[in-house]
Amino acid sequence: MFVDRVKIEVRAGKGGNGAVSFRREKFIPKGGPNGGDGGKGGDIIIEADDKIGTLIDLYNHPHQRAKNGESGHGSNKTGKNGEDLIIKVPLGTVVEDMNSSTTSGDLIKNGQRVTVVRGGRGGLGNYRFKSSVRRSPRFAQKGEPGEEKKLCLSLKIIADVGLVGYPNTGKSTLLSRISAAKPKIADYPFTTLSPILGVVSVDETKSFMAADIPGLIEGAHQGTGLGDKFLKHIERTKLILHVIDGSTIKKEDPLYSFRAINKELNNFSEKLFKKPQLIAINKCDLPSFEENIGCLKDAFRKEGFKIFTISALTGVGLKTLIYAVSSFLDELKLKEKETITEVLPKKEAVYKFTPRFEINKKGDIYEVTGVEIERIVAMTNFDNEEAIDYFQKIIKKIGLEKALIKKGIKEGEQVKIKEIVFTFSNK
Ligand SMILES: Nc1nc2c(ncn2[C@@H]2O[C@H](COP(=O)(O)OP(=O)(O)OP(=O)(O)O)[C@@H](O)[C@H]2O)c(=O)[nH]1
Ligand SMILES: [Mg+2]
């Protein structure tokens, strides 16, 4: 199955908890605190890999988790970091964050990576809380939760050349002849059901990538045949190789199928329609080809297109065609800089000022939200009184206490941060 769009949920690893521990040495009755920090949680990284062709693995496993960090140990030993999770995807995968609908990555080169969620920091061990007034802290921080995101991954194949044409014109036969790809070939329309890539060697030093897509017919944009849903896969190609079956044409209008396909391209996107096209007139080994080629040549000449007569079956004309495609691509390379900026639009970074917290009164409860404060709550062990004391100090330090008073909070009223509810007191 060819899967080119998946929705997945990713969760980075939680940081390990900090340890509470004290030195126990001979002859030292009361050792100091030595609980180590927790390890960092694993990140989740998405990496483009040219050996992968579809997003099927993610379709089957839409929940992806990275490993948690390990808890800290005594003797100030930090816990082990959680291993990062690397998800491999095909070249041309675009990663979108579904909540903010921002593109977090457009993976167009082999090995290119994007970190989509970060693992939580490890909680601090108790030795970190030692101070002149707190000689033996009996609490440590919990690990920070890992980031979570819902992502949408969609694949837009990266190829230099896209093969388009009516069904049965010989696109797959052509790809199988000029590359090592093994697409299905048969004498009926719509043999090819999903895009197939092949590397075409021009000579020892040069090659290009060609993509064979399912055949198109009139009305593809309305879903006729296999529809136009595969056209997005050739949106990023530099050149279209339009394959025409020279053995069967409408005598009264030799360019009928050519125009019909172009109409579908235009209906899909103007950008696609405006891509340069080379024309390959196939099946020159068949007798009926001879009858048609004259008027086809005339018609294309009038339209200003360059044509190549070939037989994908016997191999006639394929070398000339490959060289022509390759030199065309070379010429385009000069303009490549523009193409690259088109593929990777330079987005202006928008820096939003995020307040440290926000207070909203809901009924009788003051609800506090904010990334930083929620993180502090998640990392506090509320079963431990010393940790609670420490938490109260932090609340004061970041100005939350003052802000609550300003909002009109009274002694004994309730404050909620995430799932923690506590009673306000500033005595
Ligand atoms: N005689 C002859 N037959 C050819 C040639 N090229 C392809 N064929 C035949 O045409 C039929 C269709 O070929 P495919 O390569 O499957 O055509 P396609 O354009 O990929 O078709 P779809 O995938 O359905 O769009 C097969 O029976 C091929 O053997 C050629 O150059 N000469
Ligand atoms: Mg085919």
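One-based numbering, in listed order, for ligands and for the atoms of each. We use all heavy atoms of the structure for the numbers below, so side chains are in, but hydrogens, waters and symmetry mates are not.
Interatomic distance, CZ of Phe391 versus CD1 of Ile376, reported as 7.0 Å (0.5 Å rounding). Atom CZ of Arg118 and atom NZ of Lys149 lie 9.0 Å apart (nearest 0.5 Å). Of the inter-residue distances, the one linking Ile44 atom CD1 with Leu85 atom CG reads 5.0 Å to the nearest 0.5 angstrom. Note that CG of Asn168 and CG of Asp187 are 5.0 Å apart. Values are rounded to the nearest 0.5 Å.
In this model, no donor atom of one side chain and acceptor atom of the other lie less than 3.5 Å apart for Glu386 and Asn126. With no hydrogens or angles considered, a side-chain donor-acceptor pair links Asp212 and Ser172 at under 3.5 Å.
Remark: minimum distance from atom 20 (O) of ligand 1 to any protein heavy atom is reached at Ser172 OG, 2.8 Å. What sits closest to atom 12 (C) of ligand 1 on the protein, heavy atoms only, is Asn168 OD1, 3.1 Å. Nearest non-hydrogen protein atom to atom 6 (N) of ligand 1 is Asn282 ND2, 3.1 Å. For atom 25 (O) of ligand 1, the closest non-hydrogen atom on the protein side is Lys171 NZ, 2.9 Å. Counting protein heavy atoms only, atom 4 (C) of ligand 1 is closest to Lys283 CE, 3.7 Å.
With respect to Arg113, the side-chain contact (heavy atoms from CB on, under 4.5 Å) criterion is satisfied by exactly one of Ile87, Ile45, Ile46, Leu107: Ile45.
Contact of the Ser288 side chain with the Thr248 side chain is not registered, since no non-hydrogen atoms from C-beta on lie closer than 4.5 Å. The side-chain heavy atoms of Asn76 and Asn34, taken from C-beta on, include a pair separated by under 4.5 Å. Counting heavy atoms from C-beta outward, Gln64 and Leu58 have side chains that approach closer than 4.5 Å. Side-chain contact check for Lys51 versus Lys88: every heavy-atom pair is 4.5 Å or farther apart.
Checked against a 3.5 angstrom limit, the closest N/O atoms of Pro189 and ligand 1 fall outside it. Checking only distances, Pro167 never comes within under 3.5 Å of ligand 1, N or O to N or O. Inclusion of Pro214 in the set of residues having an N or O under 3.5 Å from an N or O of ligand 1 is not warranted. Ligand 1 has no nitrogen or oxygen under 3.5 angstrom from a nitrogen or oxygen of Ile185. Where the criterion is an N or O separation shorter than 3.5 Å, residue side chain and backbone included, Asp212 fails it with respect to ligand 1.
With a 4.0 Å cut-off on non-hydrogen atoms, Thr192 touches ligand 1 through its backbone as well as its side chain. Residue-level proximity to ligand 1 for Ser311 is carried by backbone and side chain together, each with a heavy atom below 4.0 angstrom. When heavy-atom distances to ligand 1 are checked against a 4.0 Å cut-off, Asp285 comes that close only through its side chain, counted from C-beta outward. With a heavy-atom cut-off of 4.0 Å, Leu313 touches ligand 1 through backbone and side chain alike.
The Thr173 neighbourhood of ligand 1 comprises atoms 6 (N), 7 (C), 13 (O), 14 (P), 15 (O), 28 (C), with distances under 4.0 Å to a heavy atom of that residue. Within ligand 1, counting atoms from 1 as listed, the ones closer than 4.0 Å to a heavy atom of Phe190 are 24 (O). Of all the atoms in ligand 1, the ones that sit under 4.0 Å from a non-hydrogen atom of Gly215 are 25 (O). Atoms of ligand 1 found under 4.0 Å from any heavy atom of Leu286 (numbered from 1 in listed order, with element): 1 (N).
Among the atoms of Ser172, an N, O or S atom falls under 2.8 Å from the Mg ion (ligand 2). Coordination check, Thr191 versus the Mg ion (ligand 2): failed, since every N/O/S atom of the residue sits at 2.8 Å or beyond.
Heavy-atom proximity to atom 11 (C) of ligand 1, evaluated over Ala186, Ser176, Gly170, is greatest for Ala186.
Note on ligand 1: Gly165 sits outside its first shell, no heavy atom being nearer than 4.0 Å.
Between Lys232 and Lys156, the shortest heavy-atom distance links the atoms O-CG, 4.0 Å.
With Asp228 contributing its side chain and Leu231 its backbone, the two residues share no donor-acceptor pair below 3.5 Å.
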